[in-house]
Amino acid sequence: MQNESTSPSTPWNKTRVSSILGIDYPIIQGPLGGLSTQRLTATVSNFGGLGSFGAHGLAASAIKDVIAEIRELTVKPFAMNLWVSTEDEGARTSGRKEFARSLKHLAGHIEALGAALPDHKSYTPVRFEDQVRVLLDAKIPAFSFVMGVPPQEILNECRAHGIITIGTATTVAEAIVLGQAGVNVIVASGFEAGGHRGSFLMPAEDSLIGTFSLTPQVVDAISVPVVAAGGIADARGIIAAFALGAEGVQIGTAFLATEDAGASVNHRNALLSPTAQRTSLTKGFTGRLARGVHNQLIEELNRPGVEILPYPLQRQLVKNLAVPAEKAGRTELLQLWAGQSASLSRQSDAKTLLEILVSEISAVADPVVDCNREQRAKR
Ligand SMILES: Cc1cc2nc3c(=O)[nH]c(=O)nc-3n(C[C@H](O)[C@H](O)[C@H](O)COP(=O)(O)O)c2cc1C
């Protein structure tokens, strides 16, 4: 149950999330692994939100450089994000035969685009332990993560360095486990969200709960503040999340559609077009369940009988199609990561997006938020 410390007249942006993180607005720009930019992270933080950088695909030395670059652009709090689990069972034993069977489904497209078919290569794992060491040594302001709970020694070290921890739950059970581990803030990630499902207790396919159902149940189950994520793209979504008991929101796709993020022009245009109204979940992009704009690639990879390599081998395989398809502007063959509210995205830069969100919420939110605070205080 929530511990209510704010009075009914407290402004909407003064929540435990903003206070723990030391930010003006409890709006987190969701980490965009692979498509994060230092500029986006710093822009959001400089505005008074929390910029996040998705670093799961980077080697430790590259992460160190990214942190230094973000620190050149902002003195405000920001988060670095990692995946606690970086590979699936079978990734180390999968060999040439499996590679050939999965390549078969992409080969026709790769060849038609004039690119060479890839050879099987042995796989070099990225180690979470090496990546997280850099974050700890750099004493970053906030460490967010998905796909698991970091070992207790790491959480202890974060606490000792004053690094705020932000865990991600896709089910109430995951939120409880994160709360018991002593994580400071918990993101309740509904299945509307773009990118990967961060499930870690049960298979992602069995952990598909929408933000509207997940958020209030997580709020009721744990004592630490909850950030709602998934399908939130404008002020209406933020107000709804607050009414459900969230004390902050995490927005991914709407930031991905801005020019500050790392999405290609083809990807951004797709997010801003009506085709983004239809999204689907697939394991075909990487080997783990993720959401993107429904297109030919998703349709083909979701067909029964298509063999998908374990994460991250499938991700590396699909890159061989993504690069030539991107060059050729063939959006129907691209991984167009997107959440279900992509169509609410506005074509603008991240600062304008934040200005619009804050002015719209400030105009209407307080009665909703105050009502919710009163309700919680009565419980
Ligand atoms: C392209 C893309 C990459 C993402 N990468 C990560 C990631 O590496 N780590 C993470 O915690 N969340 C990641 N997310 C999830 C977002 O941070 C955020 O929680 C989610 O996008 C919120 O839902 P929305 O897309 O409906 O706004 C990603 C989302 C997208 C669209």
Side-chain angles (χ1 to χ4, degrees), residues 27-37 40-41 44 49-58 63 66 79-86 126 128 131 142-148 150 165-170 174 178 183 185-200 204 210-212 214-215 226-234 237-238 240-241 246 248-258 261-264 267-268 270-271 276 279 281 285-286 288-293 311-312 315 322 334-346 350 353 357:
I27 299 177
I28 300 178
Q29 166 255 313
L32 303 170
L35 298 176
S36 275
T37 65
L40 174 62
T41 307
V44 175
L50 186 77
S52 313
F53 192 100
H56 72 85
L58 301 181
I63 295 177
V66 166
M80 294 297 291
N81 177 275
L82 294 178
W83 291 14
V84 178
S85 144
T86 54
V126 170
F128 168 75
Q131 295 175 314
F143 164 39
S144 74
F145 49 86
V146 273
M147 316 257 184
T165 49
I166 307 174
T168 310
T170 64
E174 288 175 355
L178 288 162
V183 169
V185 172
I186 294 178
V187 176
S189 167
F191 79 170
E192 299 91 329
H196 287 85
R197 303 304 303 137
S199 308
F200 59 92
T211 306
F212 236 80
L214 183 63
T215 304
V226 175
V227 168
I232 302 168
D234 61 16
I238 298 177
V249 292
Q250 178 162 292
I251 298 175
T253 302
F255 281 108
L256 184 62
T258 69
S264 68
H267 190 165
R268 203 166 57 241
L271 290 176
T279 63
L281 289 165
F285 286 176
T286 67
R288 283 187 179 170
L289 199 67
R291 186 177 292 285
V293 176
Y311 187 89
R315 177 172 222 146
L334 291 176
Q335 296 147 293
L336 301 172
W337 313 103
Q340 289 186 323
S341 296
S343 283
L344 296 174
S345 299
R346 297 159 212 245
L353 172 63
L357 292 177

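Starting from 1, each residue takes its place in the sequence as its number. Just the heavy atoms: all of them, side chains too, but no hydrogens, waters or symmetry mates, feed the values below. Just so you know, ligand 1 is whichever comes first in the structure, and atom 1 is the first atom listed for that ligand.
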Aromatic rings Trp337 and His196: how do their planes relate, parallel, tilted or perpendicular, breaks at 30° and 60°?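 The arrangement is tilted - the two ring planes meet at 30° to 60°.
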Closer than 4.0 angstrom: is that true for some heavy atom of [X] and an atom of ligand 1?
X      : result
Pro31  : yes
Phe145 : no
Gly230 : yes
Gly231 : yes

Give the residue and atom name of whichever protein heavy atom lies nearest to [atom], and the separation in Å to one decimal.
atom                    : answer
atom 25 (O) of ligand 1 : Thr253 OG1, 2.5 Å
atom 21 (O) of ligand 1 : Gly252 CA, 3.2 Å
atom 30 (C) of ligand 1 : Leu32 CD2, 3.6 Å
atom 8 (O) of ligand 1  : Trp83 NE1, 3.1 Å
atom 18 (C) of ligand 1 : Gln250 NE2, 3.7 Å

Is it the side chain, the backbone, both or neither of Asn81 that has a heavy atom closer than 4.0 Å to ligand 1?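 The answer is the side chain of Asn81.
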Quick one: does ligand 1 sit under 4.0 Å from the side chain of His56, the backbone, both or neither, non-hydrogen atoms only?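 Side chain only.
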Identity of the nearest option to atom 15 (C) of ligand 1, non-hydrogen atoms only, from Gly339, Ala228, Ala257, Gly194: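 Among Gly339, Ala228, Ala257, Gly194, the closest heavy atom to atom 15 (C) of ligand 1 belongs to Gly194.
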Counting heavy atoms only, which of Trp337, Phe191, Phe53 is nearest atom 1 (C) of ligand 1?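 The residue whose heavy atom sits nearest atom 1 (C) of ligand 1 is Trp337.
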Hey, does Gly33 come in under 3.5 Å of ligand 1, counting only N/O atoms on both sides?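 Between Gly33 and ligand 1 (N or O atoms, distance only) the closest approach is under 3.5 Å.
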Apply side chain to side chain donor-acceptor pair (under 3.5 Å) to Thr279 and list each qualifying residue two or more places apart in sequence or on a separate chain.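 Arg291.
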Can you name the nearest heavy-atom pair linking Gly262 to Thr37, along with the distance?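 Heavy-atom minimum between the residues: N-CG2, 3.6 Å.
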